[in-house]
There are 2 protein chains.
Amino acid sequence: MVKKNDNRDFSQIPRVVIKRLFKYHSALENLLSKGTVKVSSKSLSADVHVKASQLRKDLAYCGEFGTRGKGYDVKYLNGKLAEILGLHTEWNYILAGFGHVGHAFVCYEGIFRKGFNVKGIFDIDEKKIGQVFRGIEICDISKMPEIVREHNVQIGVITVPFDSGQSVCDKMIEAGITAILNFAPVLLKPKKSIFIERIDISRELVTLSHYLSHHKE
Amino acid sequence: MVKKNDNRDFSQIPRVVIKRLFKYHSALENLLSKGTVKVSSKSLSADVHVKASQLRKDLAYCGEFGTRGKGYDVKYLNGKLAEILGLHTEWNYILAGFGHVGHAFVCYEGIFRKGFNVKGIFDIDEKKIGQVFRGIEICDISKMPEIVREHNVQIGVITVPFDSGQSVCDKMIEAGITAILNFAPVLLKPKKSIFIERIDISRELVTLSHYLSHHKE
DNA sequence: ACGTGATTGTGATAAAATTAACAAGCTATT
DNA sequence: AATAGCTTGTTAATTTTATCACAATCACGT
């Protein structure tokens, strides 16, 4: 089953589309585990609450993966999406700030299952430094460059509180990190152009309070 | 300082705008703590990395808060935004699933500081039930309706793993919850129309792996 | 091999969000 | 009080995103 999927520039796909591609991927994994072989854009899109036309438009960014009149091969499409999403490889990450959030992140099953492996944990707390968690020694941040180099780490996860986020970001970039996931409540200003994704728990909560305040009845 | 801000329907403001309003609010809090009294759209928007015209456009959804030629009164605008975002009141929430993520959530300082108070924690683990955490007894889910009623709880936070998310969602709605923050890796299908916000850590990570895969150099 | 029913891929259209542009209005200064 | 200098609020233009609509294509039964 050869498809024209040649020489496409996946780097130009909008972020919104990437996020939906991941939804499709998750839904496909689900179908796969149930042994489903074929799926139509109509049925798959319904699973993730988007319009079928949008699903097809999204896939059009990447190539042609279906057969008209029939639908998509679940396994094939899933594999292709995994490739586009970079889930066909393993990735290494380091984490800075081993508090509650950092701890929860490292323990999060889904992350490990998707091929993201922790290679370094950093904290400023003297009491934590030297402890070993799941085979990883908690280190002082000064060891970051060494660990990043030795383990070929690409991703940095920032789970420090408040303002120390920026200095951690700087150190990560210096160490050679090129993509950051930031849980700290600060807007990072990277010295070099790298990719940053942010998760701000407060922000999501606040959309709830806005809703509750203004949608009475 | 009276402004025309009358009878606006804040419920029609798009979600993207709400999220940015929160950014402005955070930046203003910051300015406030530094004692800044006045700020221009240019300077405030730079703080949060958006265009000045967008900031003004966003504010236009809500009313008129500035004075031409001068700028915005930091304290006044901050108060107004807090009102629009529903941060002028206290909110009560319950949390289901007291694992790593649930634990991290309850301990998260920023949430408490913004006026969100935990009133109930639920888990299915027999060993956890009965334990008291920060004055809250961990209960079986059967006690949910009672606790929601007694403490006037509006918000439900779901931090259970995998598929149990849906049944927890159903129970929350039954108990009277009208807004849910979902950390579980499932797309919730609420029986009644309520407000749901989702945080999917995997999804954000995957945008990083996509970036790393396709933006080499 | 031909027609039928189904479903994709895509060009056209519509809607939403962002950016630009500028008139209206305030402040300060002379 | 008139002018100059800013900055807002708002309309218009642009860009991005989502939806529609349908021709192209395939599978399958006859």
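Here the structure is a predicted model, which means the values were calculated and not measured. Proteins get letters first, then strands, A, B, ... in listed order; numbering begins at 1 in each.
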Can you tell me if B:Ser41 touches the phosphate of D:dT7, counting only side-chain N or O atoms and a distance under 4.0 Å to OP1 or OP2? no
To the nearest Å, give me how far apart OH (A:Tyr61) and C1' (C:dG11) are. 14 Å
So does A:Phe10 get a backbone contact from the side chain of B:His210, meaning a donor-acceptor N/O pair under 3.5 Å? yes
Less than 4.0 Å between a side-chain N and a carboxylate O, is that true for B:Glu197 and B:Arg15? yes
Just call it for B:Arg20: base, sugar-phosphate, or nothing, with non-hydrogen atoms closer than 4.0 Å on any strand. sugar-phosphate
May I have the distance from A:Leu77 (atom CG) to C:dT7 (atom C1'), rounded to whole angstrom? 14 Å
Atom pair distance, as rounded to whole Å: CG in B:Asp58 and P in C:dT18: 7 Å
In whole Å, I'd like the distance from the CD1 atom of B:Ile13 to the P atom of C:dT18. 14 Å
5'-most contact on DNA chain C: A:Gly71 or A:Lys57, nearest heavy atom basis? A:Gly71
Distance in angstrom units between B:Arg15 CZ and D:dT17 P, rounded: 18 Å
Can you tell me how far P of C:dT13 sits from CD of A:Gln54, to the nearest Å? 20 Å
DNA chain C nearest-nucleotide lookup for A:Lys42 and B:Lys51: closer to the 5′ end is A:Lys42
Choosing from C:dT18, D:dA27, D:dG9, which nucleotide comes nearest the side chain of B:Arg56? D:dG9
Salt bridge present between A:Lys19 and B:Glu204 (N-O < 4.0 angstrom): yes
Given side chains that start at C-beta, do those of A:Tyr24 and A:Leu77 come closer than 4.5 Å, heavy atoms only? no
Taking all heavy atoms of A:Thr178 and all of B:Tyr211, pick out the closest pair and write down the distance. O-CE2, 3.8 Å
At under 4.0 Å, does any side-chain N or O of A:Tyr72 touch on OP1 or OP2 of C:dG9? yes
In whole Å, I'd like the distance from the CD atom of B:Gln12 to the C1' atom of C:dA15. 15 Å
Return yes if the base of D:dT8 and the side-chain atoms of B:Lys70 contain a donor-acceptor N/O pair under 3.5 Å, otherwise no. no
Using whole Å, what does the distance between atom C1' of nucleotide C:dA28 and atom CZ of B:Arg68 come to? 19 Å
